[in-house]
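First listed ligand is number 1; within each ligand, the first listed atom is number 1. No experiment lies behind these values; they were computed from the predicted model shown. Numbers here simply count residues along the sequence, with the first being 1.
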Amino acid sequence: MTAPVIAIYPGSFDPVTNGHLDIIERGSSIFDQVIVAVLLNVAKEPLFSLADRVAILKEVTRNWHNVEVDTFEGLLVDYAVARKARVILRGIRAVTDFDYEFQMALMNRRMQPQIETVFMMPAEAYSYLSSSLVKEVCALGGSVKGLVPPLVDEYLEKRMPRHRKKQR
Ligand code: PNS
């Protein structure tokens, strides 16, 4: 019997978008287990706390039974080894993502050659979508409906109510 293929889907998820969910769904249909790993990055000032990001991710992925949500700090490859993952899953939206992703994949491979980075493309509708654009649009009063799960919209409403109300 071959060992189950575990894939780590790492990121900041500040906040999770429908583009991320698209990749999680694609990954969960191919790999035996997908671990969505939220980076605890002390250098970055996130909009949402780690606890909020994890709570949101757990809720919006709860129907996928082979998807787990966890946190990590330090090197991604160390975490992947600890979790016995063979794959690092990353989404590529456009060629602009490629340079950064290529560098990370090769650096990770240099450190842990047995771990393979697998890239997946989200649906075209999400090819321009990013967590930072979601935050910017939202902060300036624009709508992100359809781009993030409704739960994220609720959290954004709590975080940025003043700016969003200006629009109404
Ligand atoms: O969603 P993001 O912010 O683009 O995700 C970036 C992430 C978390 C995948 C990357 O920053 C990462 O792997 N950080 C962990 C530290 C690490 O391993 N750095 C070396 C990468 S070659």
Side-chain angles (χ1 to χ4, degrees), residues 5-28 30-31 33-61 64 67-139 144 147-149 151-153 155-156 159-160:
V5 180
I6 301 172
I8 306 275
Y9 181 48
S12 309
F13 304 105
D14 185 41
V16 62
T17 67
N18 286 347
H20 292 126
L21 290 182
D22 180 293
I23 297 292
I24 295 170
E25 185 169 26
R26 286 172 203 279
S28 76
I30 286 192
F31 302 113
Q33 195 191 354
V34 174
I35 302 172
V36 181
V38 189
L39 174 67
L40 171 61
N41 187 349
V42 280
K44 257 191 186 176
E45 180 66 48
L47 176 66
F48 293 106
S49 69
L50 187 67
D52 278 354
R53 284 178 280 154
V54 168
I56 293 170
L57 274 164
K58 281 192 171 158
E59 177 59 27
V60 298
T61 60
W64 293 311
V67 174
E68 178 192 328
V69 179
D70 194 10
T71 61
F72 78 105
E73 55 186 321
L75 279 180
L76 173 62
V77 285
D78 289 347
Y79 174 74
V81 168
R83 295 300 316 260
K84 298 185 167 49
R86 271 170 51 199
V87 169
I88 292 171
L89 174 62
R90 291 287 286 172
I92 288 246
R93 292 162 298 189
V95 278
T96 42
D97 283 337
F98 186 76
D99 271 356
Y100 173 59
E101 295 297 334
F102 186 70
Q103 281 178 5
M104 276 206 305
L106 292 185
M107 183 61 86
N108 284 332
R109 179 188 280 170
R110 186 173 184 276
M111 292 186 281
Q112 289 295 342
Q114 80 285 6
I115 297 176
E116 209 59 66
T117 298
V118 172
F119 295 111
M120 285 184 163
M121 286 164 290
E124 304 96 277
Y126 305 130
S127 60
Y128 58 91
L129 181 58
S130 70
S131 299
S132 30
L133 267 188
V134 161
K135 285 182 281 192
E136 185 173 331
V137 168
C138 205
V144 291
L147 301 178
V148 293
L151 182 61
V152 168
D153 217 16
Y155 271 74
L156 284 166
R159 281 294 151 116
M160 302 171 164

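The residue Tyr79 has no part lying near ligand 1, judged by heavy-atom distances below 4.0 Å. At a heavy-atom cutoff of 4.0 Å, ligand 1 is contacted by the side chain of Arg90 but not by its backbone. Contact annotation for Leu76 and ligand 1: heavy atoms of both the backbone and the side chain come within less than 4.0 Å of the ligand. Only the side chain of Phe72 comes within 4.0 Å of ligand 1, counting heavy atoms alone; its backbone N, CA, C and O stay farther away.
The closest donor-acceptor contact from the side chain of Asp97 to the backbone of Arg93 lies under 3.5 Å. Within the 3.5 Å criterion, the main-chain N or O of Glu101 finds no donor-acceptor partner in the side chain of Arg90. Remark: side-chain polar atoms of Asp70 are not paired, donor with acceptor, to backbone N or O of Ala37 under 3.5 angstrom. Between the side chain of Thr71 and the backbone N or O of Val38, no donor-acceptor pair lies under 3.5 Å. Without hydrogens or angle criteria, Arg53 side chain to Phe13 main chain gives no donor-acceptor distance under 3.5 Å. Of the possible polar contacts, one joining the Asp14 side chain to the Leu47 backbone as a donor-acceptor pair under 3.5 Å is found.
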Could you check Tyr126 against Thr17 for side chain to side chain contact (heavy atoms under 4.5 Å, CB included), going step by step and ending with a plain yes or no? CA-CA 9 Å; Tyr126 305 130; Thr17 67; over 6 Å; no

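Protein heavy atom nearest atom 10 (C) of ligand 1, with residue, atom name and distance: Met104 SD, 3.9 Å. For atom 19 (N) of ligand 1, the closest heavy atom belonging to the protein is Leu75 CD2, 4.0 Å. For atom 21 (C) of ligand 1, the closest non-hydrogen atom on the protein side is Asn108 OD1, 4.0 Å. For atom 8 (C) of ligand 1, the closest non-hydrogen atom of the protein is Leu39 CD2, 3.7 Å.
The NZ atom of Lys135 lies 7.5 Å from the CE atom of Met160; values are rounded to the nearest 0.5 Å.
Less than 4.0 angstrom separates some heavy atom of Met107 from each of these atoms of ligand 1: 22 (S). For ligand 1, the atoms lying closer than 4.0 Å to a non-hydrogen atom of Gly74 are 15 (C), 16 (C). Shown in contact with Tyr100 at under 4.0 Å from a heavy atom are these atoms of ligand 1, numbered in order with element: 6 (C), 11 (O). Short contacts between ligand 1 and Ser12, defined as distances under 4.0 Å to a heavy atom of the residue, involve ligand atoms 1 (O), 2 (P), 3 (O).
Atom 16 (C) of ligand 1 lies below 4.0 Å from at least one non-hydrogen atom of the protein.
Test Val36, Ile35, Thr61 against Glu68 for side-chain contact (heavy atoms from CB on, under 4.5 Å) and you get one pass: Ile35.
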